[in-house]
Amino acid sequence: MTVKTLAIASDHGGVELKSAIIGLLKDRGIEVADLGTDGSASVDYPDFAQAVAKSIIDGSAEAGILVCGSGIGMSIAANRFPQVRAALVHDRLSTELCRQHNNANVLCLGARLLGEATALDCVEAFILTEFEGGRHEGRIAKMS
Ligand code: RB5
């Protein structure tokens, strides 16, 4: 994906991983909007999923990344917005597939389930992998 602008957010379970991801993205020249959270205080993941979804919908970000403890809550919350195709991934292959086949525009990661190296590998695959189009176009259109 040729992404220039990306919005990222996490709940308290994903703050540290979010910082590492921001470092990687900035190293790659991507403009990153960090929509929080900023500390260890307990927060509600749907609020942060909504903030990233709004950035996709209003066009201020081309793609998004959401991090919570498992990634599950974030993916459920983000997929309530029709313009969002959020994928909860666990490794590089599932990340490549979510781009190639599903044209995912939001990556969801579980900070308590993935090591940092695996999570960063997923982020790298997310920003590098293109949608294949073709037979996948119609399937995605059915979800919009
Ligand atoms: C927070 O404790 C935890 O529930 C959240 O980070 C996430 O895993 C929810 O799906």
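Note that ligands are numbered from 1 as they come in the structure, with each ligand's atoms numbered from 1 the same way. If you read the sequence from its start, that first residue is 1, and numbering goes on from there.
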At a 4.0 Å threshold, what atoms of ligand 1 neighbour a non-hydrogen atom of Asp11?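 Contacts of ligand 1 toward Asp11, numbered from 1: 1 (C), 5 (C), 6 (O).
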Which of the ligand 1 atoms, numbered from 1, are nearer than 4.0 Å to a heavy atom of His12: 1 (C), 2 (O)
Can you name the residues that form a side chain to side chain contact (heavy atoms under 4.5 Å, CB included) with Ala61, not counting sequence neighbours?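 Partners of Ala61 by the side chain to side chain contact (heavy atoms under 4.5 Å, CB included) criterion, ordered by chain and then number, come out as Ala7, Ser55.
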Quick one: nearest non-hydrogen protein atom to [atom], plus distance?
atom: atom 9 (C) of ligand 1; result: Tyr45 CE2, 3.6 Å
atom: atom 8 (O) of ligand 1; result: Ser70 N, 2.9 Å
atom: atom 7 (C) of ligand 1; result: Cys68 SG, 3.4 Å

Once rounded to the nearest 0.5 Å, what's the spacing between atom [atom1] of [X] and atom [atom2] of [Y]?
X: Lys54; Y: Ser60; atom1: NZ; atom2: OG; answer: 11.5 Å
X: Ile76; Y: Tyr45; atom1: CD1; atom2: OH; answer: 6.0 Å
X: Ile30; Y: Ile65; atom1: CD1; atom2: CD1; answer: 8.0 Å

So, does Arg112 sit close enough to ligand 1 that a heavy atom of it is under 4.0 Å from the ligand?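 Heavy atoms of Arg112 do come under 4.0 Å of ligand 1.
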What I want to know is whether Gly73 and ligand 1 share at least one N or O pair that is separated by under 3.5 angstrom.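 N/O-N/O distance below 3.5 Å exists for this pair.
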Counting both backbone and side chain atoms, is some N or O of Gly69 under 3.5 Å from an N or O of ligand 1?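 For ligand 1, there is an N or O atom that lies under 3.5 Å from one belonging to Gly69.
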Atom 4 (O) of ligand 1 touched by protein (heavy atom, under 4.0 Å):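 So atom 4 (O) of ligand 1 lacks protein heavy-atom neighbours under 4.0 Å.
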Glu124: partners by side-chain hydrogen bond (donor to acceptor under 3.5 Å, both in side chains), with sequence neighbours left out: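 Residues passing side-chain hydrogen bond (donor to acceptor under 3.5 Å, both in side chains) with Glu124: Arg28, Arg92.
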Would you say the side chain of Met1 lies within less than 4.5 Å of the side chain of Arg99, judging by non-hydrogen atoms? yes
Do Thr5 and Glu62 have side-chain atoms, one donor and one acceptor, less than 3.5 Å apart? yes
